[in-house]
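In what follows, a single structure is set out as structure tokens and then discussed.
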Amino acid sequence: MSPAPSHDNDQRPSRRLDELRAPQLDSLLSDRSILIQPLGAVEQHGPHLPFNTDLLIAERVAIAAVARAAPDRDVWLLPPLAYTKSNEHAWSSGTIWLSADTLLRVLDDIGRCVAVTPARKLVFMNGHGGNSALVGVANREIRLRHGLMTFLAHPGVPPDQGGVSAADEHGMGIHGGTDETSLMLHLAPELVDMEAATRNIPETLVANRHVRFGGTVGFGWLSNDFGPDGHIGDPTTATAERGAEIFEAAVVAFVEALAEIDRFELPLAP
């Protein structure tokens, strides 16, 4: 009789926390573990990109970075959160969004649950710029209420938050523009309709020094304030090759960030 197949319960599982069995959690996770929560959105992205653009980009960057970092870092992926604060696109059917209050409560609930695990560090990998301010608030609330060390990362810093976009977008390719469309051409070209892509830059803001995207004075806006298609940028110049370069840079940067997060400790000595 052939021997029964061996089931090695000590074999390292995938880095998805939701694929672990309950006994594995305490044996595999420790106070050095880093949990990564991808945040996306389900929102209109103009006529050329799918509703899941932000979700797909954040999740793919997180997955790739965890795969590279795992040999050296104790990193784990949480399932992505698809519905977030997308009310700047509330005018568009198909956008599914949470209120600011609801999202803050959801993020706090996630922090509360992570705090029950052995892990002490929680990273939000945020693919939607409309979440950033709230996640910053949530990070401090989770730190205060649940004692976790909390972090906010992006696949790329949004242009209206200090990041850069293609030169001919004048720093205002913030939604469905060159870089985001290039990433989707690289990651999911079957979901992109380049024939529907059009340039849409708020030219009246280009000359402004202060009141503009990425300027010193912010302003409240809805995406259809800039036209009925709802995107802000120039997707017509996007290419899959550019997307591959942006994706690789995002993964490398996040792997480097995870190394620093691994070394990061609180409270910091004077």
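Remember, predicted model here, so these are calculated numbers, not experimental data.
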Could you tell me how the ring of Phe226 sits relative to the ring of Phe213: parallel (under 30°), tilted (30 to 60°) or perpendicular (over 60°)? tilted

Salt bridge (charged side-chain N to carboxylate O under 4.0 Å, His left out): pairs with one or both residues in residues 25-53, sequence neighbours excluded: Arg32-Asp262, Arg32-Glu265

Looking only at the side chains, is there a donor atom on one of Ser223 and His89 sitting less than 3.5 Å from an acceptor on the other? yes

Can you find a side-chain donor-acceptor pair between Ser86 and Thr95 that sits under 3.5 Å? no

Would you please indicate yes or no on a ring centroid separation below 6.0 angstrom for His45 and His175? yes

Under 3.5 Å side-chain donor-acceptor pair for Asp234 and Thr236: yes

Glu19 and Ser14: side chain donor to acceptor below 3.5 Å: yes

Can you tell whether the side chains of Glu248 and Arg68 come within less than 4.0 Å, N to carboxylate O? yes

Can you see whether Thr53 engages Glu180 through a side-chain donor-acceptor pair at a distance of less than 3.5 angstrom? no

Thr181 and His48 side chains, donor-acceptor separation under 3.5 Å: yes

Could I get the full list of side chain to side chain donor-acceptor pair (under 3.5 Å) partners for Glu141, not counting sequence neighbours? Arg145

Thr204: what forms a side chain to side chain donor-acceptor pair (under 3.5 Å) with it, not counting sequence neighbours? none

Report the C-alpha distance between Asn131 and Thr84 in whole Å, list the side-chain angles of each, state the deciding distance to 0.1 Å, and finish with yes or no for side-chain hydrogen bond (donor to acceptor under 3.5 Å, both in side chains). CA-CA 7 Å; Asn131 292 330; Thr84 56; 3.1 Å; yes

Could you tell me whether Lys121 and Asp74 make a salt bridge, using a distance below 4.0 angstrom between a side-chain N and a carboxylate O? no

Sorted by chain and number, sequence neighbours left out, side chain to side chain donor-acceptor pair (under 3.5 Å) with Asn87 holds for Lys85

Go through the structure and list residues passing salt bridge (Lys or Arg N to Asp or Glu O under 4.0 Å) with Asp109, not counting sequence neighbours. Arg112

If a pair satisfies ring-ring contact (aromatic ring centres under 6.0 Å, His included) and one of its residues is in residues 184-212, list it, with sequence neighbours excluded. His186-Phe247

